[in-house]
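Here's the structure we're looking at; comments come further down.
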Protein chains: 2
Amino acid sequence: MARKKVELKYIANDSKRRATQKKRKSGLIKKADEISTLCGVDACAIIYTSDDPQPEVWPSPSGVNRVISRFKEMPELEQSKKMMSQESFLRQRIQKGQDQLKKLKNENRKKEMNNLMFQSLGGYQSLDNATIIDLNDLAWIIDQNINEVNKQISKLQGQEGTSSNNNGVATINGEQAQVDNIINGGVFPFVDNIINGEQAQVDNIINGGVFPFVDAANNFQNDYCPTPFNP
Amino acid sequence: MARKKVELKYIANDSKRRATQKKRKSGLIKKADEISTLCGVDACAIIYTSDDPQPEVWPSPSGVNRVISRFKEMPELEQSKKMMSQESFLRQRIQKGQDQLKKLKNENRKKEMNNLMFQSLGGYQSLDNATIIDLNDLAWIIDQNINEVNKQISKLQGQEGTSSNNNGVATINGEQAQVDNIINGGVFPFVDNIINGEQAQVDNIINGGVFPFVDAANNFQNDYCPTPFNP
DNA sequence: GACTCTATGTATAAGCA
DNA sequence: TTGCTTATACATAGAGT
């Protein structure tokens, strides 16, 4: 059953296309009906299916005519003013995909740096091979984490008498969960726009694909300057 | 989080309606775009939202004009021929709901009779108070079950040498799972159309509600005559 | 092919920032 | 309000009849 994510392109297979057409046509009309009822808007839809010279229309032929008249009344110039054309629709979609990509790359980079941090702390990985870029970002994320830990400490010092074994004392391991939490939370300004060679991923996202993990390389922005490490 | 099932009626709350309108408008246009791409159909949509004199159109003003011309070319008489009007759309929806209701009532009745059967077999319930209608239906379901059990027995007798402790012998308990399976499976002709007083439930279904369990009473059709019990 | 079924993808109502 | 997130309702692809 609906296992594949449908690729947004013309369905070559005839019978498959017809089946899809039928389902989606009724789905579309249902949606039109719903928005009209829920929001009380005036709307119409006309759909010419390939296997019938008669179009499917909604809400009714006369209703369509009414909406059409209203549309025709408007001067041509006005028509194209604030309207969504197929092109602007696509543009909007691309922008959305790019924004999403940016966010995801950001998150990936943060996770990567946190991973590097814990690997180093545990002695599982040396930083000898790290680039200056990585070290910079690493410093930033450590700074963030330290800040968060300090914040927690102050908070816990403020509430005396809790039964926790944590009150007032920074126990790194005890804060791990909170740090992890933070890691996946706050703002992180690593990546600010799309970099060459990532376009395929953007396209992927635009069409709704699953986001692939982004390597450390190529992810850094030149205009990013993290605060110096200062505990 | 979409917790409530939206009731299909005008949203009185202003800000809520605007939010919904915005989301659904873009959803609708996306759907239009998709069906057009996937199925290569010629279509257009015009939506007048309440807060903007400019309509939202798809695929573009000129595209809309093209489709409109095609629509206008058709004689008025032809227009209303095979087209979906708001009324026929609703009718279709009601019919669908009624069909679904019928099926669900059927299933409920079957489950009920099976339940009664097992209750009686276990001595948890006497049949003294059962109506002739219930007894009739009960006989039918028992017949069905016996048939299924016999079928299974034949099948198992056919495949000698399986390691199962079941081969060739009808062990009622051992067949329970299969019977249960059957219970929820085959065709069951109890209810053939909608009976007075069930209309509210139909309405419920038409709007997508969860189906309430149907009582035994009022569910039987006069034209139903089950095969006599004959093991 | 035209329908039904159901697992899965998508839309979106509420919440929250 | 606008936008983003998340849980839930809804649409529908693919498979079976």
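Picking from C:dT12, D:dA9, D:dA13 the nucleotide with the shortest atom distance to the side chain of B:Lys23 gives C:dT12. Looking at the side chain of A:Arg18, the nearest of the listed nucleotides C:dA14, C:dG1, C:dT10 is C:dG1. When distances are taken from the side chain of B:Ser15 to each of C:dA11, D:dG14, D:dT1, the shortest belongs to D:dT1. Here the nucleotide nearest the side chain of A:Lys22, chosen from C:dA2, C:dA14, C:dA11, is C:dA2. Side-chain proximity of B:Arg24 to C:dT12, C:dT10, D:dT12: nearest is C:dT12. Listed candidates were D:dG14, D:dA13, C:dT10. Nearest to the side chain of A:Lys5 is C:dT10. Each of C:dA11, D:dT1, D:dA13 was ranked by its minimum atom distance to the side chain of A:Thr20; first place goes to D:dA13.
The two residues A:Lys9 and B:Leu38 have their closest heavy-atom pair at O-CD2, 3.4 Å.
Distance B:Lys16 NZ to D:dT1 C1': 16 Å, rounded to the nearest Å. Distance A:Lys31 NZ to D:dC10 C1': 6 Å, rounded to the nearest Å. If you measure from atom CZ of A:Arg17 to atom P of C:dA2, you get 13 Å, rounded to the nearest angstrom. With rounding to whole Å, A:Asp33 atom CG is found 19 Å from C:dA11 atom P. The distance between atom CG of A:Leu38 and atom P of D:dA9, rounded to the nearest whole Å, is 16 Å. Remark: C1' of D:dC10 and CD1 of A:Ile29 are 17 Å apart, rounded to the nearest angstrom. Taking atom CD on A:Gln21 and atom P on C:dG1, their separation rounds to 14 Å, with Å as the unit. If you measure from atom NZ of A:Lys25 to atom P of D:dA11, you get 16 Å, rounded to the nearest angstrom.
When the nearest nucleotides of DNA chain D are assigned to B:Asp14 and B:Glu34 by heavy-atom distance, the more 5′-ward of the two goes with B:Asp14.
Helix-axis bend for the helix from C:dA2-D:dT17 to C:dA17-D:dT2: the local axis fitted to the five terminal pairs at one end deviates from that at the other end by 30°, rounded to 10°.
The phosphate of D:dG14 (OP1 or OP2) has a side-chain N or O of A:Lys4 nearer than 4.0 angstrom. Contact annotation: B:Lys30 side-chain N/O to C:dA11 OP1/OP2 distance is under 4.0 Å.
Residues that satisfy the salt bridge (Lys or Arg N to Asp or Glu O under 4.0 Å) test with B:Lys22, not counting sequence neighbours, are absent from this structure. By the side chain to side chain donor-acceptor pair (under 3.5 Å) test, A:Glu7 is found to be paired with no residue, residues two or more places apart in sequence or in another chain being considered. Qualifying side chain to side chain donor-acceptor pair (under 3.5 Å) partners for B:Thr49, counting only residues two or more places apart in sequence or in other chains: B:Asp51. For A:Lys30, there are no side chain to side chain donor-acceptor pair (under 3.5 Å) partners at least two apart in sequence or on another chain. A:Arg17 is linked by a side chain to side chain donor-acceptor pair (under 3.5 Å) to A:Tyr10, A:Asp14, counting only residues two or more places apart in sequence or in another chain.
Ionic pairing of B:Asp42 and B:Arg66 is present here: one or more N-O contacts between side-chain nitrogen and carboxylate oxygen are shorter than 4.0 angstrom.
Under a 3.5 Å cut-off, the side chain of A:Asn114 and the backbone N or O of A:Lys110 do form a donor-acceptor pair.
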